[in-house]
Structure formats: C-alpha cells, structure tokens
Amino acid sequence: MFKRVLIANRGEIALRVIRACRELGIETVAVYSKADAGAWYLDLADEAVCIGPGPSSESYLSIPRIISAAEIANVDAVHPGYGFLSENSHFAEVCRASNIEFIGPTVDAIERVGDKAQAKAAAKACGIPCVDGSDGPVKDDAQALEVARRVGYPVLIKAVSGGGGRGMRVAHNDISLVSGMATARSEAEAAFGDSSVYIEKYIQNPRHVEIQVLGDRKGNVVHLGERDCSVQRRHQKVIEESPSPAVHPKLRKRMGAAAVKLAKSVGYHTAGTVEFLVEGEDFYFIEVNARIQVEHCVTELVTGLDLIKEQIRLAAGELLGYGQDDVRQQGHAIEVRICAEDPDRGFAPSPGTVTGWRVPGGPGVRMDSHMEPGARIPPNYDSMIGKLLVHAEDRPRAIARMRRALDELQVEGVRTTVGLHRRILSNAHFEKGDYSTKFLDSLLASGHGA
Ligand code: MV4
C-alpha cells in the first residue's frame, strides 16, 4: 500500500480523498493555489504545498508544478480527483516516468477510451449496442451527408475528443448538417485541439444512465449498478440517483454485463464509468469516463463500498477480493449538487464569501463539502460547493428525506441552486421517476428560474 499520496485537486474532492487516505493510514500532501490559501480542509492534510496563482492553468492544471510538488514532498502516488488532470494521459505518463503511481487507469487505457470513436469501436467489437452512425470519424461533409441519408435525420455531430457537450451539434436536414459540421469542428479544435467528429442518429428523449465499474490488475472486473444522471442543464448534472427508476433487474444485468465486458476488453483497472443512453428497453453505449466522478457517492450509499478507498487499493496493486455476486444495491440514494450560482441570472456563477453555513444531518444524510462559515468561493473554478446526499429504504422515502435535508440546509452570502432542487423534488414527473435528459430544460422553460 502507498505510504504518502499527493492530491492534485481542490475543494470537496480533495477533502474526500484526504478522508479516504486517513482511514487507510496513508499520509496526504494537499496542493493549493493562492486563491485557495487558508481553506480549512488543507489543515486535514499532513502537508500542504502552494503550487501557484489562482488561474488553473498556472496551478491545478500545471503538470510541471504538480510533479515538482510531488517530488519535493516525496510521495509514492498522485490522486487526480475529477476534472483538471484526471483524464490527461500525458500527466499519467509523466507521473509514471517519475516513479509516482497515477491513481487511475494506465496511459493506454486512458487513450483508448479518451478517443470516443475508438471507444465506440471497442464497444461494438464486444457486441454492445451502439447508436447507429458513422464507422469512426467522418472525413468530410460528403461522408457526413451519406451517413445522415442512411440513418435518417435528426443526427448528432460529436467530437472524437469530446466531453461536456462541447463540439456537439444536432442537425435536422442537409443544410444544418453542413453548417453544424463547421461549427462542431471549430468548437472541437478550440476546446481539444482536435477537430475530428463522428455522426450518430440523434436519440430525442433518452435517459442518461451510467454503470460504475471496478477492476484489478489481474483482470477481475465487477459493476456496482447504475446511476441515473438525466437531470442535467447544459451538460452539467444537477441531480443523480441510484437505482434508476427506468432500470429493472433484467436491464441492469444486461447493462452491467456490457460494462464489465468493455472494461475487460480495454484493460481497465481501478474505478471507471460506462455511460449509456436508455430509451424504453433499449440501451446504447456512448462513452467511458476514466476517472472517479462527482456522483460516485450515490453508488457508495447503495453498495456500502468506499469507492475512493477501493480505487486507491486497486491502484496499489491489490486484488478486488470479491465477485459480482457479493455486490448488493440496497435502498435508494439521491444526490443534489449545491452550486454557487444565481438562479435569477441564468445560473451564472455566484462567487463570494459564504457568511452563513448550516449543514443538515440526521438519519441517512451525508454532506460532502469544503465550505464553512466565512469560506471564500474564488471565481476561478467550478461553482460546485458541495454535494448533499440521502439514503433511504425506497425512492419515495429518499425524496422525502432530501426535502427535509434541504429544509435544514442554510447558505448565506452567495446565491445557490438549493431552490432549484426543491422545485425538482416537488415536481410530479420527477416524483413518478418519469423524466429524460429533456426534463430540466422543460421545467425551467415552464416557469421562472428557481
Ligand atoms: C447523445 C444523445 C442523443 N443521441 N447521442 C451528451 C454528452 C455526451 N456524454 C453524450 N451526450 C448525448 N449523446 C445520441 N446519439 C444525447 C446526449 C445527451 C444530451 C444531448 C443534448 C442535450 C443534453 C443531453 C444530456 C444528456 C445526454
């Protein structure tokens, strides 16, 4: 097992990793930018190192600065968290070349799934259902038009290096396809330095359901069931839950088996997620996330596993030690992302000082947050300031518990998404579990903000 781990991240996920390391008896080295100096969670680490100024490019995204900190602090592994460098194969390569374990997939595995067209080809080769479309990237507009004619409109143009919905365009006819190709390509070039795109039939009302997997170096892989992440706004997840109201045991078994097969075929170990679109009884592979995700805690609550500890243990070369039959999903878990955003200004970031902060508690409530009264939210980073989770016997009780927990939560000094969560949790469609990725946009279009 590792002796000392550097956490190449900030905020709630840095705190989450510090907590896991503590329980494993591993020393922690936190890094922070000048904008995060004085944050209380840094006191929980054995050592805290300033790695640069506020802008991410000069701190949390700077490979040389993080590697220098890791070498000076003499760690044997780096945990990248999510976002920042977590899916950067070059960073993983530099870590390993410096004799520091990268807590995540191998460089090869990151590259194999980071290219979405390549990942789709791997899924297809495993016999996993994929959305009909181009075979790999399209070389020009003529080829794109040919694919659209074959599968029928609407189609979706997707960036091969995509993520977060960037470089994605829906086209309803030949004219919008040609113009969409140009905008998707230039958006993808700007965001990822790679303008290649592929085409898929556009599924109009899917649910976004993902399967959590864990694997070890011997090739043992298990899945931990699904998370339904269909409640999204601008490709940012807002609420996640497990189990999905749309996934029954037979569908779970099929999707789980597909995710395990794919993870094995790409040589995936440690923690990862396989994303699917679900429409009725059908599911389609879309992509693999080669990192621990924000919403991993939902799976922790229903399985009783600590995914960060599992991830660290597996990265250190330990074996899984349990099989698929040992994994159980119990009860129902819901997570809401608390973001410092202004509902009256189109959910624009609302940085500032949190003057008041009161955290809910009691049975089945978990709050993962790096906030405290007086905490500053810098304008440089993501607006998420915490995650509120509940676990209960079933979905109706989990919803009631979340409403109760949201009533206890008090945040003063900045605007937040708490009102939006209340609104979603009291929506009749949400209560019935009847929602797709279109749900939140329609809810917001039907009334005023939150
Ligand atoms: C799709 C899709 C419909 N049809 N692919 C979103 C980000 C990336 N993970 C893949 N995503 C989607 N891929 C096909 N063929 C719908 C989504 C999607 C989505 C699309 C537009 C607006 C919001 C969305 C939310 C979730 C998923």
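Hydrogens, waters and symmetry mates are skipped; everything else that's a heavy atom, side chains included, is used. Every number for a ligand or one of its atoms is a count from 1 in the order of the listing.
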So, for Y32 and Y60, is the gap between ring centers shorter than 6.0 Å? no
Looking only at protein heavy atoms, which one is nearest to atom 25 (C) of ligand 1, and what is the separation? Q232 OE1, 3.3 Å
Check each atom of ligand 1 against the heavy atoms of K201 and keep those under 4.0 Å away; list them by number with element. 4 (N), 14 (C), 15 (N)
Give the residue, atom name and distance (to 0.1 Å) of the protein heavy atom nearest atom 8 (C) of ligand 1. E287 OE1, 3.5 Å
I want to check something: taking the side chain as every heavy atom from C-beta on, are R423 and L444 in contact at a cut-off of under 4.5 Å? yes
Residues K237 and E295 bridged, charged N to O under 4.0 Å: yes
What protein heavy atom is closest to atom 12 (C) of ligand 1, reported as residue, atom name and distance in Å? M168 CE, 4.1 Å
Identify, by atom number and element, the atoms of ligand 1 in contact range of E200, meaning under 4.0 Å from any of its heavy atoms. 5 (N), 14 (C), 15 (N)
Any Lys/Arg nitrogen of R10 or D36 sitting under 4.0 Å from an Asp/Glu carboxylate oxygen of the other? yes
How far is atom 4 (N) of ligand 1 from the closest protein heavy atom, and which atom is that? I203 N, 2.9 Å
Within-cutoff protein neighbour (heavy atom, under 4.0 Å) for atom 18 (C) of ligand 1: no
Give me the residue, atom name and distance of the protein heavy atom closest to atom 5 (N) of ligand 1. K158 NZ, 2.9 Å
Quick test: of every protein heavy atom, which one is nearest to atom 26 (C) of ligand 1, and how far off is it to 0.1 Å? T437 CG2, 3.3 Å
L262 pairs by side-chain contact (heavy atoms from CB on, under 4.5 Å) with which of V288, V221, V113? V288
Could you tell me if R233 sits above the aromatic ring of F347, with its cationic atom closer than 6.0 Å to the ring centre and no more than 45 degrees from the axis? no
For Q330, does the CD atom have more than 12 heavy-atom neighbours from other residues, nucleotides or ligands under 6.0 Å away? no
Over-ring placement of R65 relative to F91, 6.0 Å and 45° cut-offs: no
What residue and atom, counting heavy atoms only, is the protein's closest point to atom 10 (C) of ligand 1, and at what distance? I286 CD1, 3.7 Å
Do any N/O atoms on Y202 end up under 3.5 angstrom from N/O atoms on ligand 1? no
Enumerate the atoms of ligand 1 whose separation from the nearest heavy atom of E275 is less than 4.0 angstrom. 9 (N)
Below 4.0 angstrom, N of the basic side chain to O of the carboxylate: do D216 and R313 qualify? no
Of the listed options (N289, L277, I199), which comes nearest to atom 16 (C) of ligand 1 when hydrogens are ignored and any heavy atom counts? L277
Can you pull out the closest protein heavy atom to atom 21 (C) of ligand 1? Residue, atom name and distance to 0.1 Å, please. H235 CE1, 3.8 Å
